[in-house]
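What follows is one structure encoded as structure tokens, with my remarks underneath.
Naming convention: chains lettered A, B, ... in sequence-line order (proteins, then strands); numbering from 1 in each chain.
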2 protein chains.
Amino acid sequence: MATQTEKCAGEAQSFERFGAAMLSGKVSDSAYLRFQSLAAYRQINAGETVPNMDLADRFVFLASGATKLVAEASGGREQVVAFHFADDLVSIPARGPHGYTLRALTDCDILVFPSLEFMQIAHTEPVTLGEVARRALHALWRCREKAVLLGRKTAQERIASFLIATARRIGSIERGACVLSLPMSRRDIADSLGLTTETVSRQFTDLRQMGLIATSGRSEVRLLDIAGLVARSGNFSIAA
Amino acid sequence: MATQTEKCAGEAQSFERFGAAMLSGKVSDSAYLRFQSLAAYRQINAGETVPNMDLADRFVFLASGATKLVAEASGGREQVVAFHFADDLVSIPARGPHGYTLRALTDCDILVFPSLEFMQIAHTEPVTLGEVARRALHALWRCREKAVLLGRKTAQERIASFLIATARRIGSIERGACVLSLPMSRRDIADSLGLTTETVSRQFTDLRQMGLIATSGRSEVRLLDIAGLVARSGNFSIAA
DNA sequence: CGTGAGCTTGAGGATATTCAAAACTAGTGG
DNA sequence: CCACTAGTTTTGAATATCCTCAAGCTCACG
């Protein structure tokens with residue numbers, strides 16, 4: 001369970017958070033100052049896209065809020081490649097077979113860095129470079145898990161896996177049950193899981209009727225039976 | 001077009017390759033020696049699995065040959081998460097929702113490192129640490145492209161995308177056309193693209209009948225019309 | 001409250017799967 | 001060198017899951 005959407009709303013606080021996450025708290029040395037002068041601080045409103053300044057690769061540090069990284073295929077098809085929350089570092093490729101855009105799910109405070117220069121500074125600061133490597137490997141791990149989900153799981157397994165994985169990141173305990181306040185819409189979930197909104201909806205109702213979850217409003221989901229969800233997530237287990 | 005399956009077959013050559021790739025050629029300093037004493041050199045025959053020594057995360061450096069990283073979901077369903085070729089560094093998580101195994105597609109020379117200790121040494125060698133970060137980000141980029149493919153593309157688009165992406169890695173030019181000698185079976189391709197062998201087969205025949213590719217034997221594929229393949233790959237383009 | 005976007009539900013249809021069998025490779029031994 | 005075999009690949013027919021299209025409903029916001 002991670003630190004949630006603490007309102008941050010400020011350039012100073014955003015840099016502080018960046019220093020704590022990427023520089024092990026050293027908020028006064030020369031590397032820090034160089035990172036600071038390289039960064040572009042932005043406040044992004046919910047629904048807006050992080051502007052694509054130049055045509056270079058970028059790192060975006062998310063100081064507060066939640067975002068989605070969207071890849072576009074031909075025919076306007078969109079795939080949500082990842083969701084991000086406070087303290088996440090997002091790597092955004094400039095170009096490729098698919099166009100990438102980072103969109104805010106909630107109001108966000110972000111720091112935007114050009115990748116090349118960022119990595120040059122990082123090379124003088126092993127802690128930061130190690131942090132980049134660690135985070136990249138972790139993102140890779142998440143992406144691989146998603147590949148399994150997209151390649152081999154049924155609609156129901158995808159929803160169950162999504163709920164479990166999301167609970168780990170932004171779930172909170174309330175009266176014994178795990179409660180999620182999802183910042184993303186059904187369409188975002190569908191685009192993330194390779195489904196349609198209709199299918200997502202249907203699976204939510206099915207899980208509800210099975211007594212595994214309860215929903216209230218558009219965004220709140222209570223996980224009533226986590227073991228039951230895991231059993232239906234298609235995850236590999238020794239007992240399978 | 002990368003350096004292909006140069007037979008390497010030897011512990012010394014494997015370490016040399018590792019040094020060239022990860023230490024910018026410095027094959028005599030202390031970090032190199034520490035990496036060397038940490039590594040386990042192995043020759044793996046085609047079809048065999050890289051043994052899962054202990055229960056820790058591992059890095060595998062592939063000095064020669066080709067491998068696939070397979071994730072297992074429940075019910076024996078397998079997803080090929082990535083293919084690797086000479087000089088690739090593979091990060092293998094110990095545990096998680098899905099079990100990971102690295103299997104050799106051809107005979108391989110590999111170096112196996114425990115991740116934790118590897119990263120500790122890397123922290124004293126910025127070049128290596130930067131290389132880990134660079135490679136992890138590149139692997140992440142590939143995995144994201146795969147997520148788009150698995151989430152939003154038709155069977156035909158998946159095959160076309162696969163052929164184009166694979167040509168970039170191991171394609172060779174022969175009399176004007178690009179020729180692939182695929183080290184993986186139809187089942188491997190299917191498990192990589194989230195399809196069945198039957199569907200892969202059918203799409204190969206379709207592309208053959210369209211005159212976009214020609215095949216001979218099990219493994220050789222000639223790309224006769226790369227522009228045509230790109231047009232059918234579902235990739236985002238401005239003209240879409 | 002009223003309005004509109006987002007969510008849910010239903011019926012019909014398409015793509016890829018499943019099941020089954022034939023054809024082809026590539027390796028083996030006569 | 002050819003026949004033989006085991007495994008892989010290809011082809012075919014029937015089925016299932018998820019998608020598409022369409023309509024009603026709900027929630028969140030003004």
Q) Which is the 5'-most and which the 3'-most nucleotide of DNA chain C that has an atom under 4.0 Å from a heavy atom of chain B? A) C:dA16 to C:dA26

Q: Go through residues 189-211 of chain B and report each residue with a non-hydrogen atom lying under 4.0 Å from DNA chain C, sorted by number.
A: B:G194, B:L195, B:T196, B:E198, B:T199, B:R202

Q | Nearest-nucleotide comparison on DNA chain D, the residue closer to the 5′ end among B:S185 and A:S219 | A | B:S185

Q: State, to 0.1 Å, how close A:A86 and A:R17 come at their nearest heavy-atom pair, and which atoms those are.
A: CB-NH2, 4.1 Å

Q. Any cation-pi pair here, A:R186 with A:F204, using under 6.0 Å and within 45°?
A. yes

Q: Give the rounded distance in Å between these two atoms: CZ of B:R218 and P of D:dA6.
A: 15 Å

Q: Classify the side-chain pair A:S161/A:K153 by whether it contains a donor and acceptor separated by less than 3.5 Å.
A: yes

Q) Run the ring pair (Phe, Tyr, Trp, His ring centres under 6.0 Å) check on B:F61 and B:Y41 step by step: do they pass? A) CA-CA 10 Å; B:F61 179 77; B:Y41 168 74; over 10 Å; no

Q) Hey, does A:R186 reach any base, or is it just sugar-phosphate, or nothing, if we go heavy atoms under 4.0 Å? A) sugar-phosphate

**Q.** Nearest atoms (heavy-atom pairs only) where B:K146 meets B:V81
**A.** NZ-O, 3.3 Å

**Q.** Proximity to DNA chain C (any heavy atom under 4.0 Å), residues of residues 154-163 of chain B only
**A.** B:T154, B:A155

Q. Between A:R208 and A:T215, is any side-chain donor less than 3.5 angstrom from a side-chain acceptor?
A. yes

Q) Would you call B:R152 and A:E72 a salt bridge, taking side-chain N to carboxylate O under 4.0 Å as the test? A) no

Q. Is it true that A:D109 and A:R42 make a salt bridge, defined as a side-chain N closer than 4.0 Å to a carboxylate O?
A. no

Q: Whole angstrom is fine here: how far is it from CZ in A:R187 over to P in D:dC19?
A: 12 Å

**Q.** Geometric cation-pi criterion A:R135 and A:F59, 6.0 Å radius, 45° cone
**A.** no

**Q.** Between A:T197 and A:R187: side-chain donor-acceptor atoms closer than 3.5 Å
**A.** no

Q: Measure the distance from CZ on B:R152 to P on D:dC18 and round it to the nearest whole Å.
A: 13 Å

Q | Test applied, salt bridge (charged side-chain N to carboxylate O under 4.0 Å, His left out); reference residue, B:D88; option that passes from B:R142, B:K68, B:R169 | A | B:R169

